[in-house]
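Only one structure is covered here, and it is reproduced in the block below.
We count ligands from 1, going down the list as the structure has it; atoms in each ligand are counted the same way. Atoms considered below: every heavy atom in the structure, side chains included; atoms not considered: hydrogens, waters and symmetry mates. For this chain, numbers begin at 1 and follow the sequence in order.
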Amino acid sequence: MSQRVRITDVSPRDGLQNEPGVIPASDKARLVELLCGTGVDEIEVASFVSPRWVPQLGDGAEVLAALAARFPAGSQRPMFSALVPNEKGLDGALAVNGAAGRPLLEKISLFTAASETFSRRNTNASIAETFERFAPVLDRAALAGLRVRLYISCVVACPFEGPIVPDTVAAVARQGLLAMLRAHSGRPGDAPGIPGIEIDLGDTIGAATPETIAPVIERTLAVPEWGCTRGLDAGLVLHLHDTFGRAASCVVRALSLGVRSFDSAAGGLGGCPYASTPGRRAPGNIATGTLVRAIRDAGFEAGIDDAALARASEFAASLAARRPLGEGAS
Ligand code: HMG
Ligand code: MG
């Protein structure tokens with residue numbers, strides 16, 4: 001039997017944050033609902049960042065309220081996660097779970113970068129300052145029993161600084177693992193702790209080639225703190241944007257290096273607004289259909305229903321008023 005690869009569809013978050021207009025919360029919830037039927041393992045459903053910075057996603061609580069109604073307790077569905085930059089964002093995520101009376105959001109996604117300039121532009125904080133913000137968020141996530149993902153952006157190149165050295169990425173990943181492990185083991189009493197830890201390598205502008213992504217993965221996997229994650233659900237994720245059509249070949253290379261978890265966006269939507277440079281809009285994520293095809297061609301399985309994915313991708317693309325990318329997954 002072929003080995004199973006995990007997919008997180010980030011189209012409701014990364015996919016819609018870079019669209020010029022604000023899409024109604026009901027349409028966002030409908031997109032999540034369609035994605036729930038595709039077989040993906042996780043959906044990044046919302047973002048609890050400042051609405052001044054990303055007005056497109058200022059309605060996270062509303063989207064989650066709609067999802068709470070559509071998915072009653074006990075429903076079979078993929079894991080739901082949301083982007084959180086600081087304690088205020090965590091307040092928003094926890095309020096959602098409080099209102100639902102259950103862990104509707106099972107995971108929070110923190111984000112930093114391997115580039116100082118990008119970190120400042122995206123979060124108004126240096127890399128070190130992002131980790132200062134994370135410390136109380138991680139402690140509270142451990143108390144609440146939330147899983148945690150840490151994105152590291154610009155792992156191959158930064159739109160402002162150019163190429164990034166793989167050792168820089170590994171150093172940030174090490175800091176991230178240490179911070180997450182400290183919050184987990186430092187939990188008081190019988191608090192559940194962080195049940196899952198992920199480092200997610202973001203090729204924010206789609207600069208990677210199989211040759212340049214390989215050393216980033218290898219150096220990151222060589223970080224010794226992975227050895228301390230035994231007993232936790234811990235792993236490395238790859239988050240590719242597909243500017244030059246090379247993301248699928250990077251997936252194949254990553255699979256050969258042992259990566260078994262990838263992000264993608266239905267219809268190939270996506271892009272970080274703060275990665276855009278004059279005259280150049282930030283590029284979309286690898287389309288989920290393209291990712292599925294790359295996984296299958298490499299001899300792995302992703303458990304995806306192609307017809308359901310085609311429906312979700314069409315709908316995602318219709319929200320962004322463009323043709324869906326990556327369809328025809330076989
Ligand atoms: P700041 O301005 O430095 O924040 O922004 P602040 O703490 O000084 O607060 C300023 C105001 O924002 C205050 O409101 C806060 O309450 C409010 P005021 O008193 O002025 O009315 N505020 C918030 N409101 C709602 N939710 C919050 C929140 N935090 C503060 N969480 C901050 C710092 C991090 C908040 C801001 O820079 C921000 O929101 N940045 C997010 C940018 C973003 O979302 N980028 C896209 C996602 S990252 C990405 O796409 C990359 C990824 O896909 C991986 C890859 O591809 O590489 C993940
Ligand atoms: Mg992204």
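For atom 4 (O) of ligand 1, the nearest protein heavy atom (residue, atom name, distance) is R133 NH2, 5.0 Å. Ranking the protein heavy atoms by distance from atom 21 (O) of ligand 1 puts R52 NH2, 3.2 Å first. Of the protein's non-hydrogen atoms, K88 CD, 3.7 Å is the one closest to atom 23 (C) of ligand 1. With hydrogens left out, the protein atom closest to atom 50 (O) of ligand 1 is Q17 NE2, 2.7 Å, a heavy atom. The protein atom (non-hydrogen) at minimum distance from atom 1 (P) of ligand 1 is N124 ND2, 3.8 Å. In this structure, the protein non-hydrogen atom closest to atom 5 (O) of ligand 1 is W53 NE1, 3.6 Å.
Within ligand 1, counting atoms from 1 as listed, the ones closer than 4.0 Å to a heavy atom of H241 are 56 (O). Close approach to L83 involves these atoms of ligand 1, each under 4.0 Å from a residue heavy atom: 47 (C). Taking a cut-off of under 4.0 Å to the non-hydrogen atoms of G89, the atoms of ligand 1 that pass are 31 (N). Counting the atoms of ligand 1 from 1 in the order shown, those under 4.0 Å from a heavy atom of F48 are 26 (N), 27 (C), 31 (N).
A distance-only check finds a donor-acceptor pair linking the side chain of S119 to the backbone of A125 [under 3.5 Å]. E106 places a side-chain N or O within donor-acceptor distance of the main-chain N or O of F80, the cut-off being under 3.5 Å. Proximity of a side-chain donor or acceptor of Q56 to a complementary backbone N or O of V22 within less than 3.5 Å is not detected. In this structure a side-chain-to-backbone donor-acceptor pair under 3.5 Å is present from R246 to A208.
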Step-by-step side chain to side chain donor-acceptor pair (under 3.5 Å) determination, H239 to N285: CA-CA 8 Å; H239 175 105; N285 292 88; 3.3 Å; yes
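Considering backbone and side-chain atoms together, R13 places an N or O closer than 3.5 Å to an N or O of ligand 1. Checked against a 3.5 angstrom limit, the closest N/O atoms of F111 and ligand 1 fall outside it. On a distance-only criterion, H239 and ligand 1 share at least one N/O pair closer than 3.5 Å.
Rounded to 10°, the angle formed at the Mg ion (ligand 2) by NE2 of H241 and NE2 of H239 is 90°.
Under 4.0 Å from ligand 1, heavy atoms of T204 appear from its side chain as well as its backbone. Contact annotation: for V54 versus ligand 1, heavy atoms closer than 4.0 Å belong to the side chain alone. Under 4.0 angstrom from ligand 1, there are no non-hydrogen atoms of D203.
A cation-pi arrangement, defined by a distance under 6.0 Å to the six-membered ring centre and an angle within 45 degrees of its axis, is absent between R13 and F48. Cation-pi check for R4 over F300 is not met; the charged atom does not lie both under 6.0 angstrom from the ring centroid and within 45 degrees of its normal. Cation-pi check for R120 over F118 is not met; the charged atom does not lie both under 6.0 angstrom from the ring centroid and within 45 degrees of its normal.
Salt-bridge check for E62 with K28: failed, with every basic side-chain N at 4.0 Å or more from each acidic carboxylate O. No salt bridge links E314 with R311; every basic N to acidic carboxylate O contact stays at or beyond 4.0 Å. E87 has no carboxylate O lying under 4.0 Å from a charged side-chain N of R133, or vice versa, which leaves the two without a salt bridge. With respect to D263 and R149, a salt bridge is recorded, a charged nitrogen being found less than 4.0 Å from a carboxylate O.
The Mg ion (ligand 2) lies at 2.8 Å or more from every N, O or S atom belonging to C272. Using a cut-off of 2.8 Å, one finds that D263 contributes no N/O/S atom close to the Mg ion (ligand 2).
Here the shortest heavy-atom distance to atom 41 (C) of ligand 1, taken over T123, V155, N122, belongs to N122. With atom 55 (C) of ligand 1 as the reference point, the heavy atom nearest to it among S153, P51, S115, S50 is part of S153. When V49, N86, V10 are ranked by how near their heavy atoms come to atom 35 (C) of ligand 1, first place goes to N86.
Below 30°, between 30° and 60°, or above 60°: for F131 and F134 the angle between ring planes is above 60°, a perpendicular geometry.
Note on D14: its N/O/S atom closest to the Mg ion (ligand 2) is OD2.
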